[in-house]
Amino acid sequence: MSTTDVNQAFHDKRVALIESTGAERRANGTYAATVGYDRGEVIGRDGLDTSTGTAALYTSTPAWHGLGTVIPGGTTDIDTVLRAGQIDFEVQTRPVQFRVKGKRILFEDRFATVRMDTATGLGIVGTRYQVFQQRDLFTFLEELAATHGILWESAGALRGGRRVFVTMQVPDSIVIDRGGIDDEIKLFIVAVNSHDGGSQAEVVVTPWRVVCGNTERFALADAASRWGIRHTSGGLENIAEARRHLGLTLKYAEAFEAEETALARTDLAIDDFHKVIADLWPLDDDANDRTRTNHRARIGAMDGIFRTEIERVGRTAYAGERAITDYLDHIAPRRPGQTMTEEIARATALIEGTDDGAKTKAHKRLLLLTRA
């Protein structure tokens, strides 16, 4: 059985990039190239909190950046994870005050969320806001899974502690084409809490194990399902509703497995693959030379990925879909803004679902071939 482990693939790509560019980590969590044409350029970012001097991360397997505390095979002890991930800090609310012309003014109905171990303000909230402490996430996931002694995959803090994450693996994986290619896709439940007052807590089911800011963004973008939890007094108490969401997600996973299996059992000729690409990126008859050159480059890139996937899962519609998805996620050109690297622009596109329409269209277009 082969395993589609996006975590390992991301790890390998990051490590290879860092080694090839001689990248070194800066204090702000960015990685800058030290050799080659990219010298001085930011080629990566882990986003981990380093408020206490070291990266706030626990993981059961080494992360691409080599940071954090690794406990091989993981642990079920919550206190150990809280300490190892450096997320055993408390967050409280304090009234917002300021001075104008020597006069102290209290900002009514507004409070600051404060990280108590570093005395750092994390965000501004209202009167109904309820802080979720780190331990609350663990007990919530234990109750959600209706079991204790869960093996925790990763946990840590990002952006100075403004966001905290906890990851556990779903016992049952998705297996594409059981008895055939047996391509296993591992799924994880990730709880992402926020202390910044600008976002709700979220629980997602995703193939990503969170180990840095990038994979947190990928997890939220690639989630098979997600649901939000408002920071209110009863936010973490509605376990029945959360279990309902989880049940729907696992049913979705079963349907997804069936559709992907159908693709894996459908042959795909290169000409048919090119027709799908043409549907997604049509080329006008009067297109200029530059557009035609870009079009050929796009086809060439996807052909290369398709050939790689063919070696792994055969010349199938499943390989074609994986090629298109991989191109959109990792190769398609991005135009970063003035404050972005291309990597951050790519991650932003994933979060905002920029390519969701193209991915869905490709999936539906390839499914038509299974019924031909």
Side-chain angles (χ1 to χ4, degrees), residues 28-29 45-59 67-69 78-79 81-98 107-144 152 154-168 189-204 206 210-221 223 226-238 242 347 351:
N28 63 359
R45 186 185 307 269
D46 59 58
L48 292 167
D49 169 42
T50 56
S51 298
T52 59
T54 56
L57 174 67
Y58 148 80
T59 181
L67 302 175
T69 300
I78 294 176
D79 289 320
V81 176
L82 286 170
R83 288 193 302 271
Q86 298 183 40
I87 55 174
D88 53 348
F89 58 85
E90 185 180 8
V91 175
Q92 296 182 6
T93 57
R94 292 288 187 270
V96 174
Q97 304 178 51
F98 56 92
F107 197 164
E108 294 185 5
D109 300 329
R110 288 292 180 269
F111 301 85
T113 52
V114 180
R115 177 173 171 169
M116 301 306 292
D117 64 333
T118 60
T120 303
L122 303 178
I124 303 297
V125 299
T127 56
R128 297 183 59 196
Y129 184 91
Q130 177 70 40
V131 173
F132 297 156
Q133 304 297 344
Q134 281 37 285
R135 182 176 291 276
D136 295 337
L137 289 179
F138 288 88
T139 56
F140 174 78
L141 288 179
E142 282 189 327
E143 293 180 19
L144 176 62
W152 305 106
S154 66
L158 306 166
R159 305 166 198 168
R162 289 171 178 79
R163 291 174 75 84
V164 175
F165 59 85
V166 180
T167 307
M168 60 177 281
I189 297 177
V190 182
V192 181
N193 188 19
S194 69
H195 294 301
D196 59 9
S199 56
Q200 59 186 353
E202 285 193 288
V203 178
V204 301
T206 171
V210 177
V211 294
C212 69
N214 290 324
T215 48
E216 180 238 348
R217 287 192 289 270
F218 293 147
L220 295 181
R226 79 181 73 194
W227 60 96
I229 305 171
R230 295 173 64 88
H231 282 270
T232 59
S233 58
L236 290 177
E237 295 176 3
N238 197 347
I351 294 174

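Just so we're clear, the structure is a prediction, and the values are computed from it rather than from any experiment.
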query: Would you call the rings of F107 and F98 parallel, tilted or perpendicular if under 30° counts as parallel and over 60° as perpendicular?
result: perpendicular
Expected output: side-chain E90 to main-chain D117 donor-acceptor under 3.5 Å: no
Heavy-atom pair of closest approach, residues I87 and Q134: O-CG, 2.7 Å
message: If I take atom CD from residue Q97 and atom CZ from residue F111, how far apart are they, to the nearest 0.5 angstrom?
response: 10.5 Å
- prompt: F89: what forms a ring pair (Phe, Tyr, Trp, His ring centres under 6.0 Å) with it, not counting sequence neighbours?
  reply: none
- prompt: Roughly how far apart are Q86 CD and T69 OG1, rounded to 0.5 Å?
  reply: 6.5 Å
query: Any side-chain heavy-atom pair from L82 and F138 closer than 4.5 angstrom?
result: yes
- prompt: Given side chains that start at C-beta, do those of I229 and F132 come closer than 4.5 Å, heavy atoms only?
  reply: yes
- prompt: What distance do R162 atom CZ and R115 atom CZ have between them, rounded to the nearest 0.5 Å?
  reply: 10.0 Å
query: For the atom pair CH2 (W152) and OG1 (T167), what is the distance rounded to the nearest 0.5 Å?
result: 9.5 Å
query: Could you go step by step and tell me if R163 and V192 meet the side-chain contact (heavy atoms from CB on, under 4.5 Å) rule?
result: CA-CA 7 Å; R163 291 174 75 84; V192 181; 3.3 Å; yes
query: So, R135 and D88, do they make that salt bridge, N to O below 4.0 Å?
result: no
- prompt: How long is the span from the OG1 atom in T232 to the CD atom in Q200, to the nearest 0.5 Å?
  reply: 10.0 Å
- prompt: For M116 and R94, what are the C-alpha separation, side-chain angles and deciding distance, and is it a side-chain contact (heavy atoms from CB on, under 4.5 Å)?
  reply: CA-CA 11 Å; M116 301 306 292; R94 292 288 187 270; 3.6 Å; yes
- prompt: Counting only N and O atoms by type, is there a donor-acceptor contact under 3.5 Å from the side chain of T113 to the main-chain atoms of G123?
  reply: yes
task: Measure the OG-CZ distance between S51 and R159 for me, rounded to the nearest 0.5 Å.
output: 13.5 Å
query: Taking all atoms of both residues into account, what is the closest heavy-atom pair of A157 and F165, and its distance?
result: N-CE2, 4.1 Å
- prompt: Which heavy atom in V81 sits nearest to a heavy atom in A155, and how many Å separate them?
  reply: CG1-CB, 3.6 Å
- prompt: Between G197 and V125, what is the shortest heavy-atom contact and its length?
  reply: CA-CG1, 3.6 Å
- prompt: Are H231 and N193 side-chain neighbours, meaning at least one heavy-atom pair lies under 4.5 Å?
  reply: yes
query: Which heavy atom of Q133 sits nearest a heavy atom of V91, and at what distance?
result: NE2-O, 2.7 Å
- request: Check whether any side-chain heavy atom of V166 sits under 4.5 Å from a side-chain heavy atom of Y58, and report yes or no.
  value: no
